[in-house]
Amino acid sequence: QSQELSQVRIDYHAALLALQEQGTRMVCTGKMHTDRICRFDYLCYCTEAEEFVFFHSNASVMLPNLGPRRFQPALLDLSSVEDHNTQYFNFLELPAAALKFMPKPVFVPDVTLILNRFNPDNLMHIFHDDLLPIFYTMQQYSDLDDEARLVFMEGWGEGVHFDLYRLLSSKQPLLKEQLKNFGKLMCFTRSYVGLSKMTTWYQYGFVQPQGPKANILVSGNEIRQFASIMMERMNISAGEKTEEDDYIVVFSRSTNRLILNEAELILALAQEFQMRTITVSLDEQSFASIIQIISGASMLVSMHGAQLITSMFLPRGAAVIELFPYAVNPEHYTPYKTLASLPGMDLQYVAWRNTIGENSVAYPDRPWDQGGIAHLEKEEQDRIMASKEVPRHLCCRNPEWLFRIYQDTVVDVPSFLDVLRESLKGKPSLKKTKATSTVHPGRVREPKCQTSVQATNEAKLTVSWQIPWNLKYLKVREVKYEVWIQEQGENTYMPYILPHQNYTFSENIKPFTTYLVWVRCIFNKNLLGPFADVLLCKT
Ligand code: UDP
């Protein structure tokens with residue numbers, strides 16, 4: 001391993017001199033530890049102490065310079081999971097002069113991204129917490145290119161999907177455990193520490209029950225671009241599709257949370273949609289071969305579980321059907337629904353839930369982490385067994401939740417098909433679905449109002465405007481305008497949707513009154529433009 005690092009030759013003497021004289025330099029973005037990413041020159045890591053080290057010299061820079069607030073609670077989150085107390089980053093400080101008494105540093109010449117993977121044993125976590133955030137953090141800093149070195153500090157082994165992490169850069173990612181092999185003191189010539197949280201859409205329920213993040217900042221566009229680059233790097237071609245080879249994929253689990261009548265379900269799907277229906281399973285196929293299949297599918301059917309993250313590889317227009325075991329409310333566990341519903345993902349999402357207790361097989365005697373409840377008081381076991389729905393709960397060890405989610409299910413085919421017939425809009429075979437436009441209108445231009453008083457109790461207000469500047473370059477299916485009228489001093493307003501560029505209001509318009517009027521343009525019902533400057537209109 002140490003050979004690998006020294007392949008890139010660096011002038012050891014110059015590097016050592018720079019470290020001794022310049023010390024460590026840090027400049028960060030972000031106001032809070034939860035939105036901070038730091039760039040370092042000469043950040044070091046002591047493998048014996050398992051601590052990062054910041055060397056102070058006259059030329060050191062530490063921005064932000066937080067003083068002891070650096071520990072309240074930390075400088076930054078090392079994983080993309082917000083404010084998790086096992087994922088904090090900080091460093092120790094030493095004077096650069098101490099280097100004289102320390103082991104000779106080994107320099108890492110590559111530009112390095114240092115982070116924690118959150119749960120590299122679980123596919124959902126791998127994509128949502130690690131791969132997407134790493135990919136887009138690398139896009140944010142131009143020197144984190146294809147040659148960048150990734151260093152995973154969470155302390156886990158490679159995990160079964162390490163190949164996916166290898167796709168992010170041409171260099172082998174390093175694990176915390178391997179750093180020891182390089183020496184006692186490693187110094188990263190240039191490194192970035194932390195991950196962008198911009199692409200995450202789900203919070204796992206550490207402080208409040210799980211659900212979509214409050215302020216989602218990613219759209220289907222970024223997810224799909226990431227997915228298509230990952231496919232390229234896995235040498236998967238999204239082949240040309242024809243109507244005839246429409247097919248449905250059932251993603252099956254083979255160790256737990258089983259569909260007990262898979263054959264029956266497959267037959268029902270094939271008959272109902274007149275489509276070929278195939279199963280895939282992580283225990284039998286490579287990840288890449290599964291993605292190849294999913295990327296051409298019209299429908300993906302699966303029990304709730306991490307394998308559903310692969311729905312990001314479905315073509316636009318496809319449908320995701322998520323099955324939930326008995327007593328699990330689909331509305332309470334929505335990582336895949338939220339993904340499918342991101343604007344621009346262009347996926348249909350349908351949840352089905354087993355409501356028939358007899359169709360469920362539970363495993364009270366398994367270990368607790370596979371849903372066993374034998375370790376609980378008898379009374380508590382009885383309560384769980386009798387309960388018809390798991391109440392909302394926090395992550396991650398709620399026994400009732402684990403008990404229910406690890407049940408196997410006989411899918412009741414009539415109720416399953418009913419849900420599909422009710423919820424699916426059209427045949428989900430729309431591989432030709434084009435990305436819908438996400439271009440927003442500009443402001444309407446030259447908004448004006450004219451008023452007239454007809455009688456002591458009758459007045460008119462005419463509002464007119466010009467089209468937004470970008471509209472003349474666009475083909476928009478439907479252009480509408482929204483006008484808000486508020487009587488000055490009142491705290492309510494009347495909204496109107498209008499098809500043309502002017503309108504005369506006479507209802508509810510009083511003489512000798514001042515109105516505030518806002519106008520904005522709307523494309524295709526939901527692409528809202530900004531309001532023009534407010535108009536002051538006196539009748
Ligand atoms: N897994 C699998 N086959 C199975 C059960 C699980 O491939 O029969 C995978 C699953 O996709 C995930 C990991 O094992 O990546 C952990 O599964 P777990 O049930 O703990 O998590 P969940 O799927 O509920 O997120």
Side-chain angles (χ1 to χ4, degrees), residues 123-124 126-128 130-136 138-139 145-148 150 160-173 199 218-252 266 269-270 273-302 306-321 336 339-340 342 344-349 427-438:
L123 263 185
M124 160 67 186
I126 291 172
F127 275 89
H128 178 268
D130 307 340
L131 298 175
L132 273 158
I134 293 169
F135 182 84
Y136 280 108
M138 291 175 72
Q139 303 259 305
D145 55 18
D146 178 53
E147 316 261 274
L150 300 175
V160 282
H161 292 290
F162 202 61
D163 281 345
L164 292 172
Y165 296 93
R166 284 199 185 94
L167 298 175
L168 296 170
S169 115
S170 62
K171 300 232 165 86
Q172 167 80 355
T199 60
V218 69
S219 83
N221 174 51
E222 293 72 36
I223 306 288
R224 287 196 172 279
Q225 286 201 36
F226 161 82
S228 93
I229 290 174
M230 292 298 275
M231 281 177 58
E232 251 172 59
R233 296 183 186 174
M234 286 186 271
N235 296 318
I236 298 172
S237 52
E240 287 295 298
K241 301 284 162 19
T242 60
E243 280 279 342
E244 294 86 73
D245 57 45
D246 271 357
Y247 56 92
I248 298 173
V249 174
V250 174
F251 204 142
S252 69
I266 288 165
L269 282 164
F273 296 97
Q274 292 297 306
M275 283 191 223
R276 199 151 59 87
T277 302
I278 51 183
T279 43
V280 297
S281 154
L282 283 164
D283 309 85
E284 280 149 42
Q285 284 144 291
S286 71
F287 186 76
S289 71
I290 291 175
I291 298 308
Q292 171 85 63
I293 294 166
I294 287 177
S295 70
S298 300
M299 198 189 292
L300 177 63
V301 181
S302 175
Q307 68 286 347
L308 268 169
I309 194 67
T310 57
S311 57
M312 74 168 67
F313 295 96
L314 283 166
R316 293 180 191 278
V320 179
I321 320 296
Y336 313 109
L339 169 63
L342 290 178
M345 271 316 282
D346 300 331
L347 294 173
Q348 296 197 56
Y349 174 89
K427 200 178 164 199
S429 60
L430 318 161
K431 279 169 195 152
K432 282 154 270 140
T433 308
K434 289 229 175 62
T436 47
S437 168
T438 53

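Here the structure is a predicted model, which is why all the values come from computation and not from measurement.
- Gln307 has its side chain out of reach of Ile290: every pair of non-hydrogen atoms, C-beta onward, lies at least 4.5 Å apart.
- For the pair Tyr247 and Ile293, the tightest heavy-atom approach, listed with the atom from each and the gap, is OH-O, 2.6 Å.
- Side-chain contact between Thr310 and Leu300 is present, with heavy atoms from C-beta onward closer than 4.5 Å.
- Two residues are said to be in side-chain contact when any heavy atoms from C-beta on lie closer than 4.5 Å; Tyr349 and Leu339 fail this criterion.
- Within the 4.5 Å cutoff, the side chain of His161 has heavy atoms near those of the Leu282 side chain.
- From Phe251, atom CZ reaches atom CD of Gln285 across 8.0 Å, with rounding to the nearest 0.5 Å.
- A heavy-atom distance below 4.5 Å is not found between the side chains of Ser219 and Leu342.
- Residues passing the ring pair (Phe, Tyr, Trp, His ring centres under 6.0 Å) test with Phe273: none are found, sequence neighbours excluded.
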**OP:** Assess whether side chain to side chain contact (heavy atoms under 4.5 Å, CB included) is satisfied between Met312 and Met345, documenting all intermediate values.
**Re:** CA-CA 8 Å; Met312 74 168 67; Met345 271 316 282; 4.2 Å; yes
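- The side-chain contact (heavy atoms from CB on, under 4.5 Å) search around Ala288 returns Met234, Ile236, Ser286, not counting sequence neighbours.
- A search for side-chain contact (heavy atoms from CB on, under 4.5 Å) contacts involving Asp163 returns Arg166, not counting sequence neighbours.
- For the residue pair Ser295/Gln292, the side-chain donor-acceptor check at 3.5 Å is not satisfied.
- Rounded to the nearest 0.5 angstrom, Ile278 CD1 and Leu269 CG are separated by 12.0 Å.
- A donor-acceptor distance shorter than 3.5 angstrom exists from the side chain of Lys171 to the backbone of Glu147, with no hydrogens or angles considered.
- Nearest heavy-atom pair across Ala297 and Ala318 is O-CB, 3.7 Å.
- Residues meeting the side-chain hydrogen bond (donor to acceptor under 3.5 Å, both in side chains) test with Asn235, sequence neighbours left out: none.
- Two residues are said to be in side-chain contact when any heavy atoms from C-beta on lie closer than 4.5 Å; Phe135 and Leu168 meet this criterion.
- Scanning for side-chain hydrogen bond (donor to acceptor under 3.5 Å, both in side chains) contacts around Glu232 gives an empty result, with sequence neighbours left out.
- Between the side chain of Ser252 and the main chain of Ser281, no donor-acceptor pair closer than 3.5 Å is present.
- With Thr277 contributing its side chain and Met275 its backbone, the two residues share a donor-acceptor pair below 3.5 Å.
- What you find for Ala340 and Val320 is that their closest heavy atoms are CB-CG2, 4.4 Å.
- Looking at heavy atoms from C-beta onward, Met230 lies out of side-chain contact with Ile291 at the 4.5 angstrom threshold.
- Side-chain N or O atoms of Ser302 include none that pairs as donor or acceptor with a backbone N or O of Leu308 at under 3.5 Å.
- Side-chain N or O atoms of Arg316 include one that pairs as donor or acceptor with a backbone N or O of Gly344 at under 3.5 Å.
- Taking the six-membered ring where tryptophan is involved, the planes of Tyr136 and Phe226 are tilted, since the angle between them lies from 30° to 60°.
- Nearest heavy atom pair, residue Asp346 against residue Ala435, reads OD2-CA, 3.9 Å.
- The shortest heavy-atom contact between Ser311 and Leu347 is O-CD1, 3.6 Å.
- Applying the side-chain contact (heavy atoms from CB on, under 4.5 Å) rule to Ala306 yields the partners Asn122, Leu123, Met124, Tyr336; only residues at least two apart in sequence or on another chain are considered.
- Expressed to the nearest 0.5 Å, how far CE of Met231 lies from CG of Leu167 amounts to 12.5 Å.
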